[in-house]
J.: 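Structure in structure tokens, see below.
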Amino acid sequence: MGWLLSVTISLYTLGLLQSILGFYQKRQTFVKIALILVAVGFACHTLFLISLSLERGHFPITNLPEALCFFAWCISLSFMIAYIRYRITALGAFILPLSSVLAMVSQVIWEENHSIPAALKSGWVYFHSGVAFLAYAAFFLTFVSGIFYLVQENELKEKNFRFLYFRLPSLQVCDELIRHASFAGFVSMTLTIVTGAFWAQQAWGRFWSWDPKETASLITWTIYLILVNYRLSNGWCGRRVAYISIVGFVSTLFTFGVNWGLHTYL
């Protein structure tokens with residue numbers, strides 16, 4: 001079954017190379033080939049996760065290799081949804097490196113025999129962790145879109161149009177992608193916190209413990225709550241939203257990396 005992961009990594013890597021060529025040379029042919037390669041790789045990735053679930057008898061997200069593998073799947077999913085919706089040819093060159101690297105690292109550190117801690121033998125944890133990684137992937141998409149926006153805005157202000165200006169999406173498209181991705185991520189992060197509370201009650205007898213990961217998750221959720229709230233109520237857009245998206249993803253990385261206290265499973 002490990003061959004499926006190897007095929008997935010190979011296809012993602014080839015798709016990444018084609019995306020970079022398409023981005024550099026502005027040729028749709030390379031981009032279309034990249035999309036096909038990533039789509040086939042994603043299908044293999046999905047099949048690998050399903051096979052692993054059946055073999056191990058649980059959703060594969062209970063240790064670091066499994067979590068990285070699933071995170072790579074979420075990022076690839078977000079890339080394909082965003083590309084199909086917005087046709088942003090530059091996305092692959094900036095999003096696929098992370099999914100490729102995560103899948104590679106997952107394979108390198110893979111654990112064939114892994115015992116599941118008692119606290120993780122719960123239906124809550126699988127939904128809780130699954131939507132958490134979907135939120136992380138959506139926030140990564142807002143981060144990339146925020147970078148695109150700031151670069152394009154700077155090019156327009158200076159009126160000195162260079163290499164990136166002709167390859168990145170318009171400000172309007174960047175802003176719309178930030179809006180949709182941040183909302184999707186916020187909803188997923190809300191579900192993460194709510195289901196995590198029920199899991200904590202089941203595992204430790206209390207809904208909230210101010211554990212480092214719980215606290216980091218709440219901070220990240222608050223950042224995106226501010227973004228979504230002011231976007232809806234005050235019509236925030238543009239540079240301010242791009243900066244908050246970047247700050248939010250930095251907080252997301254910290255949330256992902258905090259694995260001590262009660263969350264010492266990964």
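We number each residue from 1, following the sequence as shown.
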J.: Can you confirm whether L134 sits close enough to L191 that some side-chain heavy atom of one is under 4.5 Å from a side-chain heavy atom of the other?
T.: no

J.: Tell me whether Y243 is reachable from V250 by hopping between hydrophobic residues (I, L, V, M, F, W, Y) whose side-chain heavy atoms are closer than 4.5 Å.
T.: no

J.: Using the rule ring-ring contact (aromatic ring centres under 6.0 Å, His included), only one of F183, F139, F186 pairs with Y224; which is it?
T.: F139

J.: Could you measure the distance from the CG atom of N154 to the CZ atom of R239? Nearest 0.5 Å is fine.
T.: 8.0 Å

J.: Just so I know, are the side chains of I88 and L91 near enough to count as touching, which here means a heavy-atom distance under 4.5 Å?
T.: yes

J.: Side chain to side chain contact (heavy atoms under 4.5 Å, CB included) between W221 and I193: does it pass, once the steps are laid out?
T.: CA-CA 9 Å; W221 180 84; I193 292 175; 3.6 Å; yes

J.: Report whether I9 and L47 are members of the same hydrophobic cluster (ILVMFWY, side-chain heavy atoms less than 4.5 Å apart, transitive linking).
T.: yes

J.: For A242 and G146, which heavy atoms make the closest approach, and how far apart are they?
T.: CB-O, 3.7 Å

J.: Would you say the side chain of T29 lies within less than 4.5 Å of the side chain of I33, judging by non-hydrogen atoms?
T.: yes

J.: Please assess R85 against M80 for the test side chain to side chain contact (heavy atoms under 4.5 Å, CB included), listing each intermediate value before the final yes or no.
T.: CA-CA 8 Å; R85 173 65 178 83; M80 290 191 295; over 6 Å; no

J.: Do you know the tightest heavy-atom contact between L16 and G92?
T.: CD1-O, 3.9 Å

J.: Hey, does the side chain of K213 reach the backbone of G257 with a donor-acceptor pair shorter than 3.5 angstrom?
T.: no

J.: Side-chain heavy atoms nearer than 4.5 Å, only ILVMFWY residues, links allowed to pass through others: does that put V40 and L21 together?
T.: no

J.: Per the side-chain contact (heavy atoms from CB on, under 4.5 Å) rule, which among I109, I61, N63, V108 passes with L68?
T.: I109

J.: Please tell me whether W73 and F79 form a close aromatic pair, meaning their ring centres lie under 6.0 Å apart.
T.: no

J.: Examine Y136 together with F249 and report whether their ring centres are nearer than 6.0 Å.
T.: no

J.: Kindly indicate whether the side chain of F254, heavy atoms from C-beta on, has any atom under 4.5 Å from the side chain of T220.
T.: no

J.: Give, for atom CG of L102 and atom OH of Y12, the distance between the pair rounded to the nearest 0.5 Å.
T.: 10.5 Å

J.: Check for me whether the distance between the ring centres of F71 and F256 falls short of 6.0 Å.
T.: yes

J.: Tell me whether the centres of the aromatic rings in F94 and F23 are closer together than 6.0 Å.
T.: yes

J.: Identify whether F42 and L17 are in the same connected component of the hydrophobic contact network (ILVMFWY, side-chain heavy atoms under 4.5 Å).
T.: no

J.: Is there a path of hydrophobic side-chain contacts, each under 4.5 Å between heavy atoms of I, L, V, M, F, W or Y residues, that connects L225 with I178?
T.: yes

J.: Are any non-hydrogen side-chain atoms of V38 and L11 less than 4.5 angstrom apart?
T.: no

J.: To the nearest 0.5 Å, how far apart are CG in L168 and SG in C174?
T.: 7.0 Å

J.: Would you say the side-chain atoms of E153 pair up with the backbone N or O of L171, donor to acceptor, closer than 3.5 Å?
T.: no

J.: Checking S78 side chain against A138 main chain: does a donor-acceptor pair fall under 3.5 Å?
T.: no

J.: Where the side chain of S99 meets the backbone of A72, is there a donor-acceptor pair that is under 3.5 Å apart?
T.: no

J.: Going through the checks in order, is the side chain to side chain contact (heavy atoms under 4.5 Å, CB included) test met by W210 and L218?
T.: CA-CA 9 Å; W210 293 106; L218 184 61; 3.8 Å; yes

J.: Is the backbone of T62 close enough, under 3.5 Å, to the side chain of E66 for a donor and an acceptor to pair up by distance?
T.: yes

J.: Which heavy atom of A135 sits nearest a heavy atom of S188, and at what distance?
T.: CB-CB, 3.6 Å

J.: Taking side chain as C-beta onward, heavy atoms only, is Q18 less than 4.5 Å from V31?
T.: no

J.: Could you measure the distance from the OG1 atom of T142 to the CG atom of L177? Nearest 0.5 Å is fine.
T.: 8.5 Å

J.: Can you tell me if S182 uses its side chain to pair, donor with acceptor, with the backbone of R179 under 3.5 Å?
T.: yes

J.: Just do the side chain to side chain contact (heavy atoms under 4.5 Å, CB included) check on S245 and F143 with the steps written out, would you?
T.: CA-CA 5 Å; S245 298; F143 169 76; 5.9 Å; no

J.: Closer than 3.5 angstrom, by distance alone: can the side chain of H45 be matched with the main-chain N or O of C69 as a donor-acceptor pair?
T.: yes

J.: Is it the case that S6 and Q107 place a side-chain donor and acceptor less than 3.5 Å from each other?
T.: yes

J.: With rounding to the nearest 0.5 Å, note down the distance linking CG in L98 to SG in C74.
T.: 11.0 Å

J.: Show the nearest heavy-atom pair for residues L4 and S51, with the distance to one decimal.
T.: CD1-OG, 4.4 Å

J.: Counting only N and O atoms by type, is there a donor-acceptor contact under 3.5 Å from the side chain of H128 to the main-chain atoms of T192?
T.: yes

J.: Would you say the side chain of Q172 lies within less than 4.5 Å of the side chain of Y149, judging by non-hydrogen atoms?
T.: no

J.: Quick check for you: to the nearest 0.5 Å, what is the distance between F70 atom CZ and S106 atom OG?
T.: 12.5 Å

J.: Would you mind reporting whether L150 and I246 have side-chain heavy atoms less than 4.5 Å apart?
T.: yes

J.: Strictly distance-based, threshold 3.5 Å: is any side-chain N or O of R167 a donor or acceptor partner for the main-chain N or O of Y24?
T.: yes

J.: Report yes or no: does E55 contribute a side-chain atom to a donor-acceptor pair with the main-chain N or O of L52 at less than 3.5 Å?
T.: no

J.: Among side-chain atoms of T255 and S217, is any donor-acceptor pair under 3.5 angstrom?
T.: no

